[in-house]
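No experiment lies behind these values; they were computed from the predicted model shown.
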Amino acid sequence: MPQLARHIQQLAQKYAQDTIATRHHLHQHPELSFQEFETSAYVFRKLQEYGLEPQRLTETGVVALVKGRNPEKATTALRADLDALPILETNDVAYKSKNQGVMHACGHDVHTSSLLTTARILQELKDEFEGTVKLIFQPGEEKFPGGASLMIKEGVLQNPAPQSILGQHVFPFLPAGKVGFRSGMYMASADEIYITVKGKGGHGGLPEQLVDPVLISAHLLVALQQIVSRRANPKVPSVLSFGKVIANGATNVIPGEVKIEGTFRTMDESWRAEAKQKIRKLAEGLCESMGGSCEINIMDGYPFLKNDPALVSRARAAAEAYLGPENVVELDMWMAAEDFAYYSQQTDACFYRLGTRNEEQGITSGVHTPTFNIDEAALEVGSGLMAWLAIHELQELASKA
């Protein structure tokens with residue numbers, strides 16, 4: 001292992017209890033998407049304590065630069081997200097959420113506390129590397145339109161423009177101490193579909209006088225599946241799911257309309273646009289053919305997340321040097337969505353996973369659940385690894401300059 005990597009490990013260990021304390025503070029004071037005012041202020045103060053000069057971007061986003069020697073030589077970026085979820089925490093821990101009904105159930109407290117310690121380590125070692133590390137603390141990952149998209153519009157990828165960006169995310173399916181990488185397609189785009197099927201309601205015993213939107217909806221739900229099964233390239237992952245159907249009638253009452261809500265996900269932007277057109281055309285045509293009509297609204301969500309193969313190769317090699325090859329695993333594709341995808345559409349990106357599971361401690365819950373928690377040994381791994389990945393990436397970028 002390179003001497004600098006060992007030094008980083010020592011600093012991550014030295015600051016481990018501070019990282020845990022930071023995580024506990026954030027976990028106790030979670031804030032919803034685009035409302036992270038106290039969280040943002042806390043991050044701002046911490047960065048100032050470490051000798052950095054943070055700047056605000058959007059209402060609650062924070063950006064800071066760690067400048068090494070010859071700061072203009074190369075730039076890479078590290079990203080963490082600030083927001084929490086509208087979930088009532090049921091964990092029995094001393095640092096349980098104090099904001100009723102709001103919880104860091106997706107690990108963003110882990111991401112932010114880790115990156116703060118990473119900032120501290122990098123600032124302490126700034127004379128040991130060349131180039132600039134841009135630290136991005138973004139709001140609103142959990143809510144459309146996604147804080148990443150707003151940060152990009154505000155210029156987060158400019159002045160200086162990073163040649164690459166890395167994002168670290170908790171992964172409760174992987175034991176603490178391990179990390180996972182995947183090259184190429186990794187996470188799906190996510191669009192929301194809202195359909196109102198309209199007919200003519202009335203008495204369930206007089207079907208000849210009605211246009212039954214429940215029956216139309218049943219046909220529509222089945223027919224729409226052909227978009228994936230018969231119209232999609234089978235080599236491109238695609239999912240079309242409907243999780244909410246409201247037909248507010250009764251045993252003998254046919255309602256006048258039915259509400260349907262679902263999601264379409266894929267990993268190809270051209271097919272994504274084409275599929276949404278096909279969904280709309282099929283829905284309108286089928287409803288009309290059965291005597292009804294429909295209103296359809298498709299809300300564009302996050303794009304698909306693509307990991308740059310060359311960057312992933314560099315980062316994975318660096319992670320193996322830092323943690324040992326036995327602690328670096330290959331990830332499968334994941335059909336959930338992440339607004340880090342916006343960065344991946346703009347520059348070389350690597351979104352990787354930090355193991356947080358500990359079965360002996362009973363820490364096995366998935367994200368977005370009221371019992372999600374982590375083995376806090378992962379914080380030392382995460383903060384040190386990010387520092388090492390950033391420095392290693394700057395070395396690689398500088399060598400090609």
*With sequence neighbours left out, which residue pairs that include part of residues 162-177 fulfil the side chain to side chain donor-acceptor pair (under 3.5 Å) condition?*
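Sorted result for residues 162-177: Thr76-Ser164, Ser164-Glu393, Gln168-Tyr352, His169-Arg353.
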_Strictly by side chain to side chain donor-acceptor pair (under 3.5 Å), give each pair with a member in residues 232-254 just once, sequence neighbours left out._
Ser238-Thr266, Ser238-Trp271
Please say whether more than 12 non-hydrogen atoms of neighbouring residues, nucleotides or ligands are located less than 6.0 Å from [atom1] in [X].
| X | atom1 | result |
| --- | --- | --- |
| Lys153 | NZ | no |
| Gln361 | CD | yes |
| Arg69 | CZ | yes |
| Lys143 | NZ | no |
| Glu288 | CD | no |

Side chain [X], main chain [Y], donor-acceptor under 3.5 Å:
| X | Y | answer |
| --- | --- | --- |
| Glu31 | Thr39 | yes |
| Arg265 | Ala190 | no |
| Asn91 | Phe372 | yes |
| Thr118 | Gly384 | no |
| Asp375 | Thr356 | no |

Does the side chain of [X] come under 3.5 Å of the side chain of [Y] through a donor N or O and an acceptor N or O?
| X | Y | value |
| --- | --- | --- |
| His203 | Gln209 | no |
| Glu89 | His27 | yes |
| Glu36 | Thr60 | yes |
| Thr371 | Ser365 | yes |

*Do you know which two heavy atoms are closest between Pro162 and Lys134, and how far apart they sit?*
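Heavy-atom minimum between the residues: CD-NZ, 4.5 Å.
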*Would you name the heavy atoms of Phe181 and Ala315 that are closest together and state the gap between them?*
CE2-CB, 3.8 Å
*Aromatic rings Tyr186 and Phe351: how do their planes relate, parallel, tilted or perpendicular, breaks at 30° and 60°?*
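Tilted, since the angle between the ring planes falls between 30° and 60°.
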_Looking only at the aromatic ring of each residue, does the gap between the centers of His108 and His111 stay below 6.0 angstrom?_
yes
_So that I can tick it off, tell me whether Arg272 and Asp191 are bridged by a salt bridge, with the cut-off set at under 4.0 angstrom between side-chain N and carboxylate O._
yes
*asked:* If the condition is side chain to side chain contact (heavy atoms under 4.5 Å, CB included), which residues does Asp339 pass it with, not counting sequence neighbours?
replied: Arg79, Gln138, Glu141, Ala148, Tyr302, Tyr342
